[in-house]
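Here is the structure we will look at.
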Amino acid sequence: MMERRNTFGKEEHLCGKTAIDELYNTGDRFFIYPFRILYKRVPKESVPVRCLINAPKRKFKHAVDRNRLKRLMREAYRKNKHALFEMMEKEEATMQVAITYNGDTIESQAFVEKRMRKVLEQIIQGKDGTNPGQRRQGAERS
RNA sequence: AGAGUAGGAGGGUUUGUCGCUGGCGGCAACGUCAGAGGAAAGUCCGGGCAACAAAGGGCGCCGCGCUUCCUAACAGAAAGUCGUCCGUGAGGGUGAACUAUCGCAGAAGAGAAUGACCGCCCGCCUUGUGCGGGUAAGGGUGAGAAGGUGGGGUAAGAGCCCACCAGUCCCCUGGUGACAGUGGGAGCUGUGCGAGUCGCGGGUUGUAAGAUCGAAUAUACCGACGCAUGUAGGGCUGCCCGUCCGAUGUCGGGGGGUAGAUUGCUUGAGGCUUAUGGUGACAUAAGUCCUAGAUUAAUGACAAACGCCCGUCCGCGGGUACAGAACUCGGCUUAUACGCCUACUCUCUUU
RNA sequence: GGUGAGAUGGGUGAGUGGCUGAAACCACCAGUUUGCUAAACUGACGUACGGGUUACCGUACCGGGGGUUCGAAUCCCCCUCUCACCG
């Protein structure tokens with residue numbers, strides 16, 4: 001397999017009001033501090049994964065802080081996304097993901113990146129079907 | 001030297017790796033150029049621009065209100081005037097059209113504007129906690145009490161008269177003007193707020209305005225085919241005849257228009273330099289420059305070095321603000337580590 | 001991005017510049033009633049600082065800071081926070 005570049009261009013951003021509403025209403029969700037994650041499988045599109053990254057105004061009042069958080073998260077995502085990409089290319093489908101920063105303080109780049117790796121692993125495991133029963137129970141509880 | 005006042009300009013630089021948005025070139029891979037602020041913020045004012053509304057004028061409503069001046073405009077800026085408060089001072093805060101007419105001023109107080117409670121003076125008698133009248137100098141109340149002080153005058157008093165002082169009005173002088181003056185004249189003189197009057201300005205809503213294109217699904221309307229003796233059903237009628245319309249299906253056309261896309265969208269009352277005019281805000285002329293344009297929303301992450309500031313055991317350690325464009329300009333307000341420049345003030349020391 | 005509304009005791013919430021520290025309702029506390037409770041009735045009831053032996057008295061506080069006024073919860077300016085509307 002050829003060497004991959006750690007890009008995160010506009011094609012890979014999730015946008016459009018209807019798509020986002022659909023994801024927030026019907027997607028599966030879980031929490032890994034400091035993130036809240038929603039994800040959903042849809043029929044194949046031009047890219048294997050489309051992602052939305054978000055920081056809430058309720059918790060961070062200043063636009064500077066929100067911008068910084070989103071940049072940290074984008075950086076962590078683009079460096080660690082390849083495992084998920086390979087999986088979705090094999091499955092011939094597209095994954096929509098939304099990641100919201102849910103912490104109360106701004107964490108360091110190293111910490112955010114470590115946690116982002118864990119998030120992506122969790123998504124891959126959940127979709128692999130190795131332990132779907134456990135995951136479904138969790139979804140029903142919430 | 002220390003403390004301070006006013007104004008002004010800044011508020012990092014370089015390298016490497018991995019990325020983001022836009023322009024240009026390229027079939028593509030990719031290359032190359034550009035990429036946050038003085039407040040981008042609050043949304044407190046004023047414009048441009050756009051849509052809608054609208055004959056013209058008056059009244060009403062809202063905003064502004066010392067003077068001159070600047071500006072596209074403003075509740076902004078510049079230069080001044082007068083009052084008041086703060087500061088030893090350099091300075092700073094705050095206020096200001098007019099008052100003919102009308103209203104209000106709680107509690108306290110006799111009285112808040114046709115003023116008499118105590119007091120003072122006069123008169124009368126029934127001689128006393130009496131009645132009538134005069135009086136705003138004194139007492140007390142209040143934020144404010146019929147301009148203030150002194151003298152004359154008087155029964156006691158009072159701008160009743162005079163001198164000085166404060167204000168108002170008229171004249172003179174100076175100033176474009178607000179206004180000023182050891183100027184001349186007139187006894188003209190309560191305070192605050194509001195209504196009112198005068199002058200100037202204001203149509204409403206905001207780029208999520210608005211314009212163009214436009215899937216999928218449903219479908220107004222039109223045509224063809226199919227069904228049908230033009231059917232079910234409906235209109236004209238009390239009923240029948242007659243006559244007119246005609247659902248449901250398939251295909252095609254088609255308008256409005258949703259998701260979405262494009263546009264509005266960055267060259268503008270633009271910046272910089274010089275000259276001229278002006279105390280100044282600013283204006284005029286010449287030259288020169290093009291400098292973000294996203295839309296679930298780019299301008300970043302990591303590492304290293306250099307600056308700058310603070311501390312220092314001279315090895316080094318710590319700090320490097322406030323804050324992120326969203327149609328766009330002119331202001332105001334608020335936040336801001338840190339030093340820098342100019343003018344000025346006060347205190348101390350030395351000469 | 002734009003437009004608008006609001007903040008008053010523990011909660012809800014009135015309040016024309018003047019006897020409003022502040023109405024009213026709920027909660028809390030005490031009492032009456034009851035075998036015990038509930039309901040009902042009666043009363044009391046903010047916080048801080050200072051003074052006083054107790055009873056109590058004084059001053060300040062209506063989101064925060066300035067201003068206007070003799071006097072501000074109320075009028076004006078600035079800041080903080082909360083909520084709503086516009087595709």
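These numbers come from the heavy atoms of this one structure, side chains and all, not from hydrogens, waters or symmetry mates.
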Legend entry - Length of the line joining A:R68:CZ and B:rA297:P, which is rounded to integer Å: 18 Å
Legend entry - Mate of C:rG58 where both pairing distances stay under 3.5 Å, Watson-Crick or G-U: C:rC49
Inset, instruction - Would you please confirm or rule out a distance under 4.0 Å between OP1 or OP2 of B:rA301 and any side-chain N or O of A:R78? - result: no
Inset, instruction - Report the base-pairing partner of B:rU13 (Watson-Crick or G-U wobble, both distances below 3.5 angstrom), or none. - result: B:rA305
Legend entry - Separation of the P atoms in C:rC41 and B:rA113, to the nearest angstrom: 50 Å
Inset, instruction - Assign each of A:E11 and A:D65 to its nearest nucleotide of RNA chain B by heavy atoms, then name whichever residue's nucleotide is nearer the 5' end. - result: A:E11
Inset, instruction - Would you mind calling B:rG144 syn or anti? Take O4'-C1'-N9-C4 for purines or O4'-C1'-N1-C2 for pyrimidines, and syn is within 90° of 0. - result: anti
Inset, instruction - Sticking with atom P, work out how far B:rU149 lies from B:rG139, rounded to a whole angstrom. - result: 11 Å
Inset, instruction - Would you classify B:rU67 as syn or anti? Syn applies when the glycosidic angle is within 90° of 0. - result: anti
Legend entry - Phosphate contact (B:rU299 OP1 or OP2) by A:R74 side-chain N/O below 4.0 Å: yes
Legend entry - Strand partner of B:rC164, provided both Watson-Crick or wobble distances fall under 3.5 Å: B:rG148
Inset, instruction - Pick the P atom in C:rG35 and in C:rG9, then give their distance to the nearest Å. - result: 43 Å
Legend entry - Watson-Crick or G-U counterpart of B:rU5, or none if no pair lies under 3.5 Å: B:rA343
Inset, instruction - For C:rC77 and B:rU101, measure between their P atoms and round to the nearest Å. - result: 34 Å
Inset, instruction - Assess whether one donor atom and one acceptor atom, taken from the side chain of A:E75 and the base of B:rG19, lie less than 3.5 Å apart. - result: no
Legend entry - Paired nucleotide for C:rC70 [Watson-Crick or G-U wobble; both distances under 3.5 Å]: C:rG18
Inset, instruction - Tell which nucleotide pairs with B:rC30, taking only Watson-Crick or G-U wobble pairs whose two distances are both under 3.5 angstrom. - result: B:rG25
Inset, instruction - Using the P atom as the reference point in each nucleotide, state the distance between B:rG46 and B:rC74 in Å, no decimals. - result: 10 Å
Inset, instruction - Kindly say whether, by distance alone, the side chain of A:R71 makes a donor-acceptor pair under 3.5 Å with the base of B:rC20? - result: no
Inset, instruction - Among the candidates B:rC302, B:rC18, B:rA323, find the nucleotide nearest to the side-chain atoms of A:Q109. - result: B:rC302
Legend entry - For B:rA36, glycosidic torsion class - syn if within 90° of 0, otherwise anti: syn
Inset, instruction - From the options B:rC302, C:rC81, B:rA323, select the nucleotide whose nearest atom is closest to the side chain of A:H62. - result: B:rA323
Inset, instruction - Please report, rounded to the nearest Å, how far the P atom of B:rA301 is from the CG atom of A:L69. - result: 11 Å
Legend entry - Whole-Å P distance, B:rU207 and B:rA51: 15 Å
Legend entry - Closest to the A:K10 side chain, choosing from B:rG22, B:rA298, B:rC18: B:rG22
Inset, instruction - Side chain of A:N54 only, please: which of B:rU296, B:rG19, B:rG324 is the nearest? - result: B:rU296
Inset, instruction - Return the value, rounded to whole Å, for the distance between atom CG of A:N80 and atom P of B:rG19. - result: 13 Å
Inset, instruction - For A:H13 and B:rA294, give me the distance from atom NE2 to atom P, rounded to whole Å. - result: 15 Å
Legend entry - Separation between the P atoms of B:rG22 and B:rU266, rounded to whole Å: 15 Å
Inset, instruction - Choose from B:rG19, B:rG324, B:rU296 the nucleotide whose nearest atom is closest to any side-chain atom of A:T7. - result: B:rG19
Legend entry - Stepwise salt bridge (charged side-chain N to carboxylate O under 4.0 Å, His left out) test for A:D104 and A:K59: CA-CA 7 Å; A:D104 293 318; A:K59 293 200 182 237; 3.2 Å; yes
Inset, instruction - Kindly label the base of B:rG159 as syn or anti, based on whether its glycosidic torsion lies within 90° of 0. - result: syn
Inset, instruction - Starting from P on B:rU295, measure out to CG on A:L14 and report it in whole angstrom. - result: 14 Å
Inset, instruction - Between A:V64 and A:K70, just flag the one whose closest nucleotide in RNA chain B comes earlier from the 5' side. - result: A:K70
Inset, instruction - Nearest whole angstrom, please: distance from the C1' of B:rU296 to the OH of A:Y101. - result: 20 Å
Legend entry - Watson-Crick or G-U wobble mate for B:rC236, both contacts under 3.5 Å: B:rG242
Inset, instruction - Could you state the atom-to-atom distance from NZ of A:K81 to C1' of B:rG19 in whole Å? - result: 10 Å
Legend entry - Pairing partner (Watson-Crick or G-U wobble, both distances under 3.5 angstrom) of B:rG199: B:rC64
Inset, instruction - Taking atom C1' in both B:rG206 and B:rA326, compute the distance separating them and give it to the nearest angstrom. - result: 15 Å
Inset, instruction - Report the glycosidic orientation of C:rU12: syn if within 90° of 0, anti in every other case. - result: anti
